[in-house]
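These notes concern the structure reproduced below.
In this chain, residues are counted from 1 in sequence order. Every number for a ligand or one of its atoms is a count from 1 in the order of the listing.
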Amino acid sequence: MHDLTKEPWVNYNYKDWLAHFKENDQARLQLDFSEEPVLTDAQRKLIFKSIKAFQMGEHSEGMYLVHLAEKFEKDQNEPPFAETMLLFIKEENFHSAYLAQYLLHHKEPKAKRNKLDKIFRNLRHNGKLFTEIAVLVTAETIALSYYSALGNVADQMGSKALRAICNQMLHDELPHIVFQTYTLSHFGNKRSKRFFRRFVMRCTTLAVYLMYGKLLKAGGYKYRRFHKDNFAYLKQSINMAANMCKKD
Ligand SMILES: [Fe+2]
Ligand SMILES: [Fe+2]
């Protein structure tokens with residue numbers, strides 16, 4: 001577990017976030033498959049179902065999110081939020097591309113549809129930026145446990161390329177959680193909002209474990225740990241949002 005409250009990101013405004021994403025954009029991961037092992041059928045069965053789902057989930061055209069971001073920027077007088085959001089979406093699309101490269105190397109087709117992805121997207125698109133970001137940050141929190149588990153499985157398989165992808169994801173997703181938290185803090189600290197976030201986390205934690213529990217377990221995440229870590233990060237995010245509210 002990482003203590004996000006100790007990171008400098010907690011004091012960032014949108015100008016700082018824009019600089020952060022611009023800096024990340026200068027140094028993207030270059031994957032090296034020269035030492036990639038041939039995977040056994042059992043290994044393929046263990047990893048590809050969830051990798052395909054996350055590859056799809058990380059990808060976004062972002063039109064809807066950008067539209068809401070432009071409105072938020074105007075309403076809250078918070079430039080450069082929309083521009084920052086564009087770079088954030090670009091970074092997420094890099095995440096999707098890393099996983100796509102891994103699938104391609106192993107000649108695995110990408111997923112055409114995924115039930116969980118559909119549920120997530122439907123849940124997000126209710127016309128409110130708060131809902132969009134609250135659901136998005138839930139997925140990103142869960143991704144921390146997922147990529148930690150997948151990284152452990154990559155080590156077991158001897159895949160340096162997959163380990164590098166997981167490290168990059170963890171490096172990028174930790175600040176994403178603080179970035180989304182900052183935006184959520186603009187919507188106040190009402191009980192109903194905190195309830196909504198806990199409710200989404202409860203449903204998602206269960207659904208993801210039901211679908212990808214085998215991989216998570218193989219990577220050291222039994223349900224208890226998965227649940228505990230997800231809710232501990234949620235608690236950090238809720239507390240950070242409350243403190244950020246007070247600052248304004
Ligand atoms: Fe991502
Ligand atoms: Fe993210």
Hey, can you tell me if [X] and [Y] have their rings parallel, tilted or perpendicular (30° and 60° cut-offs)?
{"X": "His95", "Y": "Tyr98", "result": "tilted"}
{"X": "His20", "Y": "Trp17", "result": "perpendicular"}
{"X": "Tyr221", "Y": "Phe226", "result": "perpendicular"}

Task: Phe33 versus Gln101, closest heavy-atom pair with distance - done: CZ-O, 3.8 Å

For a distance under 2.8 Å, tell me if [X] has an N/O/S atom near the Fe ion (ligand 1).
{"X": "Asp172", "answer": "no"}
{"X": "Glu92", "answer": "yes"}
{"X": "Glu173", "answer": "yes"}
{"X": "His95", "answer": "yes"}

Open item on the list: One thing to verify: whether Asp3 and Lys6 come together as a salt bridge, which I'm taking to mean a side-chain N less than 4.0 angstrom from a carboxylate O.
Closed with: yes

Task: Between Gln236 and His2, a side-chain donor and acceptor under 3.5 Å - done: no

Task: Atom nearest to the Fe ion (ligand 2) - Glu140, N, O or S atoms considered - done: OE2

Task: Atom nearest to the Fe ion (ligand 2) - His176, N, O or S atoms considered - done: ND1

TODO: Check Glu58 and report its N/O/S atom nearest to the Fe ion (ligand 1), by atom name.
DONE: OE1

